[in-house]
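Structure first, then comments.
When reading the values below, keep in mind they use all heavy atoms of this one structure, side chains included, and skip hydrogens, waters and symmetry mates. Just so we're clear, the structure is a prediction, and the values are computed from it rather than from any experiment.
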Amino acid sequence: MLLPWWRKPLNSRGGSLALMASIGAAIIVAIASQFSYPGTIEGTIESANNTEDVNPAQVAGDDWPAYGGTNAGTHYSSLDQITPENVGELEEVWRIQTGDEPGPNAPPEITNQNTPLKVNDSLYICTSHSRAMALSPETGETLWEFDPNISTMGADDFSGWAHMTCRGLAYYDAANYDAANYDSSNDEASNDDADNTDSSANDGTTPAENGPATPRVLFDDGSQFDLDLAFLLFISGLGDSLALASDEGDASEMISATDVMCPRRLYLPTADARLIALNADTGERCESFGNNGEVDLTNNIGEFSPGGYYSTSPATVTEDLVILGGHVTDNSSIDEPSGVIRAFDVHTGELVWNWDSGNPDDTAPLEEGETYTRNSPNVWAPISVDEELGLVYLPMGNATPDQYGADRSENDETYSAGLVALNLNDGQVAWVYQFVHHDLWDMDTPAQPVLIDLATANGTQPAVIQPTKQGSLYVLNRETGAPIVPIEEVPAPQGAIEGDWTAETQPRSALNLLPPPLTERDMWGASPFDQMMCRIQFRSLRYEGQYTPPSLEGSIVYPGNVGVMNWGGVAVDPERQALFTGAKYLAFVSTLVPRDQVQEGQGSASEQGLQPNEGAPYAVELGPLLSVLGLPCQAPSWGDVAGIDLQASEVVWKHRNGTTRDSMPFGLPIGLNVGVPALGGPLTTAGGVSFLSGTLDQYLRGYDITTGEELYKARLPAGGQATPMTYTGADGRQYVVVTAGGHGTFGTKMGDYVIGYALPE
């Protein structure tokens, strides 16, 4: 503006100065706007001082024995060595590379989402290609490694698979269950009558009327015990040489104690649909489990495309059972595998019960040659269990396809996109609560239910908290399924595609992280041209608020199907009665494509792009609402962290989280604090520090759970799309460990790192 030929038309020095002043004011406003964050909530979570009433089943301590810390899924540790005052001193103390990196023929959504387990003086991890490893918790040194050598299942390579991931392992230790807990009616022989060798009366060796015999172990002195009790006797040193008796009690074929007992076990789900039991001490197969240590999860499933069915999440292990569901490829066809949930005997791998939402009342194992209901809603997220109540909690998915539901069955409509509680002993339904009616937006229930004893005005209630993609946190009584926090049925937009229908109302919890509806003013851009194109795009699409039905012209889905919350879920501090979580805010576009406009074989293996929906009248084009420069069209924030007071059912603080450092166009190394999406779960501790690593920028961050203040940030060598965990090492130090391996479709840098942090010695 200072060039003479630009100044002349202004005709006066005053005009030139006025123009320069206006430009200067615009620059000042632009800079100031970088420090103004609409949507921010400032507050402090006061401690509830609930220490004496905390249920130990909801708290991890020196160890981290399950994916969510415990089977309650709280992602909470009672460790308090790391505090808001010293977390800034946290330093990397070890780093390993597993050697498991995506090759040239990897699936589009290959990920490293593993949360390690720490138990049995070891750290246990799995990799995206289903390898299991045991590490030293203090140094990261490899103790043993197991490679299941996964098969391409008939495909030329893995490139046509939609997913490949392993979120975690499951651990079982017979010593954790006291022999006194066993039902004596199942054990005629006991410690008190070890000389009793009469197996003629209800001794478990005779086949049951509707099922196989209970396996027995025969000791050298002739006494017989159920396999469960024999585990305990063996590890107590009371049985040195064992044999597995047949149904007739024939013990002529001796089996080594190592093969039979395997008292400390890891359960590894593989990408080619197997469940493998490993000796946690050695990494060898537990040969007495299933067939040579593994169960074939394709049994009774029927046909599917390679990679189209397997368990991406770890199994849940109880005293007697190992329970798991499975991933089913979304939007490939209307004839996909069943979403059945199966419970296997924790020792033998025998199928005890199965719950198929397409046939919900019949939980007896199927006969060979029978097939579970095709295309029934599945459970791909981790499962929670309350062994005291005897209930299993299933976060339910949908019958595919996601965006067209005209052909769904009555059972599909009942059990999709909700929470189902099953009786632990037989798999029968105890109660069900649905969170989305006739889901057309892929709002399946994506995260592990969190079990907490919640202090309320009516006294302490056994609660289950279910995080969801649509932003609601549904808080139910986990014994009855009745809402603890009010749930309102709100009117929903109408006008589905011809032949389909939409529900008139949708359930919304009073406790939610739902963003306000989008407007044209919310369209944002890196330049005026970019913003203009986003506004044009917004006006050209259908949008009537949350739950706008899919359409031929394209409908905006906001929050998008990546969710406000996804598989990473939330972390709950039962002492403070507080919840810590990340929240994503990305709009997506869903466009129905008539079948006659889809060429045969056309479609994406990823969950973005054209989804073929073979057999349905429409395919669907899916993707985020982006500008021409590849940035989100809606204004930031695109990702927050939030803290919630559970006793008050109130969002106390919410802040932008993460920068654009690793996602700027053209690789610009600029880190604007706009708040970016995070795909990974949180961790919180009794020390008052919470951790999250899943943001688009490559950092592990630590926060004060009471205020949300970011206290710590460590640069990661790859995307940290995983959930951190913590434990105490043999040296007495508290460690925080995170997997940094990246995420194929999230666009972060791929890697094969596992990193441990601790305070200086």
Side-chain angles (χ1 to χ4, degrees), residues 39 377 395-399 401-408 410 412-419 432-446 465-476 481-523 538-565 583-592 618 620 622 625 634 649-651:
M396 295 300 298
N398 288 323
D402 292 318
Q403 286 77 24
Y404 183 78
D407 300 323
R408 294 175 188 166
E410 182 179 350
D412 292 342
E413 298 293 356
T414 299
Y415 295 109
S416 291
L419 185 63
V432 58
Y433 201 105
Q434 189 171 70
F435 305 134
V436 184
H437 307 317
H438 194 66
D439 183 8
L440 300 175
W441 307 272
D442 190 19
M443 293 294 159
D444 51 358
T445 311
I465 303 172
Q466 183 59 66
T468 61
K469 291 181 178 180
Q470 61 268 31
S472 279
L473 288 153
Y474 297 95
V475 185
L476 310 175
I484 295 175
V485 173
I487 299 172
E488 179 186 6
E489 290 284 341
V490 298
Q494 298 297 291
I497 196 73
E498 184 178 355
D500 206 346
W501 57 278
T502 52
E504 293 185 0
T505 63
Q506 295 289 354
R508 180 178 297 167
S509 173
L511 180 61
N512 65 73
L513 291 164
L514 187 67
L518 291 174
T519 67
E520 186 179 338
R521 290 188 60 184
D522 293 320
M523 295 302 102
F538 180 82
R539 293 291 292 269
S540 70
L541 296 168
R542 181 180 177 186
Y543 180 65
E544 298 155 28
Q546 191 178 26
Y547 302 118
T548 300
S551 60
L552 294 173
E553 67 267 31
S555 296
I556 294 176
V557 183
Y558 186 66
N561 55 301
V562 169
V564 174
M565 289 161 279
K584 295 174 288 298
Y585 298 112
L586 281 180
F588 272 64
V589 178
S590 171
T591 306
L592 296 175
Y618 300 95
V620 62
L622 294 175
L625 179 60
Q634 92 259 14
S649 296
E650 177 186 4
V651 180

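Closest heavy-atom contact between Leu473 and Ile465: CD2-CG2, 4.2 Å. What you find for Pro559 and Met443 is that their closest heavy atoms are O-CE, 3.1 Å. The nearest pair of heavy atoms linking Gln506 to His437 is OE1-N, 2.8 Å. Between Trp501 and Glu413 the shortest heavy-atom distance is CZ2-OE2, 3.7 Å. Heavy-atom minimum distance, Val564 versus Pro515: CG2-CD, 4.5 Å. Pro395 and Leu419 get closest at one heavy-atom pair: N-CD1, 4.1 Å.
Counting only heavy atoms from C-beta outward, the side chains of Pro549 and Thr502 approach each other to under 4.5 Å. In this structure, Met565 and Lys469 have side chains that are not in contact, with every pair of non-hydrogen atoms separated by 4.5 Å or more. Two residues are said to be in side-chain contact when any heavy atoms from C-beta on lie closer than 4.5 Å; Val620 and Tyr404 fail this criterion. Side-chain contact between Leu625 and Tyr558: absent, with no pair of heavy atoms (C-beta onward) separated by less than 4.5 Å. Residues Tyr543 and Pro517 have side chains in contact (heavy-atom distance under 4.5 Å, counting atoms from C-beta outward). At a threshold of 4.5 Å between non-hydrogen side-chain atoms, the residues Asp402 and Asp439 do not count as touching. By the 4.5 Å heavy-atom criterion applied to side chains, Leu592 and Gln403 are counted as neighbours. Contact annotation: the side chain of Lys584 never approaches that of Leu586 to less than 4.5 Å [non-hydrogen atoms, C-beta and beyond].
No more than 12 heavy atoms of other residues, nucleotides or ligands shown are found within 6.0 angstrom of CD on Glu504. Annotation for Glu553: atom CD counts as buried by contact number, over 12 foreign heavy atoms lying within 6.0 Å.
Of the possible donor and acceptor atoms, none in the side chain of Tyr474 sits under 3.5 Å from a partner among the backbone N and O of Tyr433. Side chain of Gln494 to main chain of Ala503: a donor-acceptor pair is present (N/O by atom type, distance under 3.5 Å, no hydrogens or angles). Checking side-chain atoms of Asp500 against main-chain N and O of Ile497 turns up no donor-acceptor pair under 3.5 Å.
Separating the OG1 atom in Thr468 from the CD atom in Gln470 is a distance of 3.5 Å, to the nearest 0.5 Å. One distance of note links CE of Met396 with OG1 of Thr414; it measures 10.5 Å at 0.5 Å rounding. The CG atom of Asp442 lies 9.5 Å from the OG atom of Ser590; values are rounded to the nearest 0.5 Å. Atom-to-atom distance recorded for Ile556:CD1 and Gln546:CD is 13.5 Å, nearest 0.5 angstrom. Atoms OG1 and CZ, on Thr591 and Arg542 in that order, are 12.5 Å from each other to the nearest 0.5 Å.
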side-chain contact (heavy atoms from CB on, under 4.5 Å) evaluation trace for Ile487 with Leu476:
CA-CA 10 Å; Ile487 299 172; Leu476 310 175; 4.0 Å; yes
Run the side-chain contact (heavy atoms from CB on, under 4.5 Å) check on Ser472 and Leu514 step by step: do they pass?
CA-CA 7 Å; Ser472 279; Leu514 187 67; over 6 Å; no
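Ser555 and Ser551 share a donor-acceptor pair across their side chains, judged by distance under 3.5 Å alone.
Using cut-offs of 30° and 60° for the angle between ring planes, the Tyr547 and Trp441 rings count as perpendicular.
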